[in-house]
Amino acid sequence: MRRQLTLTCDPIEVTRMTSSRAPDRGVGAIVTFIGTVRGEESGGEIAALEYTAFQAMVEHQFGQLFEALEARWPIHSVQVVHRLGRVAATEPSLWVQITAPHRGEAFAACQWLIDEMKRLVPIWKKPLA
Amino acid sequence: MRRQLTLTCDPIEVTRMTSSRAPDRGVGAIVTFIGTVRGEESGGEIAALEYTAFQAMVEHQFGQLFEALEARWPIHSVQVVHRLGRVAATEPSLWVQITAPHRGEAFAACQWLIDEMKRLVPIWKKPLA
Amino acid sequence: MRITVAFYSYFAELAGCAETILEAPPGCSLGDLHEMVVCRFPRLAPLRRSTLLAVGVEYQLGDYQLREDDQVSLFPPVQGG
Amino acid sequence: MRITVAFYSYFAELAGCAETILEAPPGCSLGDLHEMVVCRFPRLAPLRRSTLLAVGVEYQLGDYQLREDDQVSLFPPVQGG
């Protein structure tokens, strides 16, 4: 399983990362999740979120999640990009892409990875007015 | 809910269609599914698939699915592109993108739409050696 | 009454044509028409149970009552995606 | 034994520092150290139950036995994505 984790303070270049072909002849499904900063949160207006992280632990925890992912589903590749620092409303803060032979495992793995990330990976956000 | 259905014999320009921002300040989740033609199917090698459709019924059935989708989940937009004609191995035959406030509804709606499409939308494929 | 019948996917190859016109008796149901079709195109008979039936752009069951100029379609299980 | 304690997210603001060094008695568990930390930084006390504890880059529970030079981290529930 190919794996890639990027933590970056630069904008996520969604277009550059999106491929127009399967990376492998055995891949039939590419599931991509983009999390964007919402401009409204519990009623209030938000201009941006400030993301901070305990980076060494983020990398270690994602490494463990990737191991568990590979053990559970026949995934061909997993890529995660998480932005840090200031992310303006409507911009992507998270980009996840899973490729797999079939859509069932690709959807299941993608949702599981994001759920586990939100439970275990030490990243925090603070609203900026 | 914004909706768009495209049936095309031209390659799906995944890169051109992928946006790098949320289309709306209330959108927090963008789920994209790309189905690609696998080069191996039940043991044999496949060079391409030939897709055919009963187009008027495809449009009508997708219209009904979009109605049901909107009634069930708070979706902001749904876009579907399905290729017809010859699609070479590793090329995308299907592109689906759902935008919504949160990932739960975006993932659920995307998977439901593809499942229902595979049950109801009159498109067929034939392997080409 | 005059009914247009279209075949899609490999049903067209098995029938040897993409479309035909049948004269159905008054009161004929979609299920009755399906039987007339498989009599006329016997290579479709073994696929009877998996055949999908539509009138216009809607799926219909065998008890659907046909009307003059209905456009009926017969096709195998769909395989989009 | 000497233990480094780091605070992340708003825990650093509440503690007034990102890191401190504590001298812990031999046999001190991570839970014991957590109590020492909230005594020293009382604004963290009300958040005791929701505090996450890590040693190095692994989560640990209160019964974890600390060792010389362990790097302990305290932080609030994570919010990635």
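Each chain gets a letter, A, B and so on, in the order the sequences are listed, and its residues count up from 1. These figures come from a predicted structure and were not determined experimentally.
- Contacts of residues 89-110 of chain B with chain C at a heavy-atom distance below 4.5 Å involve S93(B), L94(B), listed in sequence order.
- A perpendicular orientation is assigned to the rings of F75(C) and W124(B), their planes being inclined by more than 60° (bins at 30° and 60°).
- A salt bridge links E35(C) to R48(C): at least one charged side-chain nitrogen sits closer than 4.0 Å to a carboxylate oxygen.
- Using modelled atom types, one finds no donor on one side chain facing an acceptor on the other under 3.5 Å when comparing E116(B) with Q61(B).
- With a 4.5 Å cut-off on non-hydrogen atoms, Y10(C) does not touch chain B at all.
- Using a 4.5 Å cut-off between heavy atoms, F54(B) touches chain C through backbone and side chain atoms alike.
- In this structure the side chain of C17(C) reaches within 4.5 angstrom of the side chain of F41(C), judged on heavy atoms.
- The pair E67(B)-R3(B) counts as a salt bridge, with a side-chain nitrogen and a carboxylate oxygen less than 4.0 angstrom apart.
- E70(B) contributes a side-chain N or O that, together with a main-chain N or O of M1(B), makes up a donor-acceptor pair within less than 3.5 Å.
- Among P76(C), G81(C), A6(C), the residue with the largest count of heavy-atom pairs under 4.5 Å with chain B is G81(C).
- Heavy-atom distances place both the backbone and the side chain of L120(B) under 4.5 Å from chain C.
- Judged by distance alone, with hydrogens and angles left aside, the side-chain atoms of R83(B) form a donor-acceptor pair with the main-chain N or O of R86(B) at under 3.5 Å.
- Between D70(C) and I3(C), the shortest heavy-atom distance links the atoms O-CG2, 3.6 Å.
- The residue among E59(B), K126(B), R119(B), K118(B) with the most heavy atom pairs within less than 4.5 Å of chain C is K118(B).
- In terms of modelled atom types and a separation under 3.5 Å, the side chain of E23(C) and the main chain of M1(C) share a donor-acceptor contact.
- Among P122(B), A53(B), G35(B), the residue making the largest number of heavy-atom pairs under 4.5 Å with chain C is P122(B).
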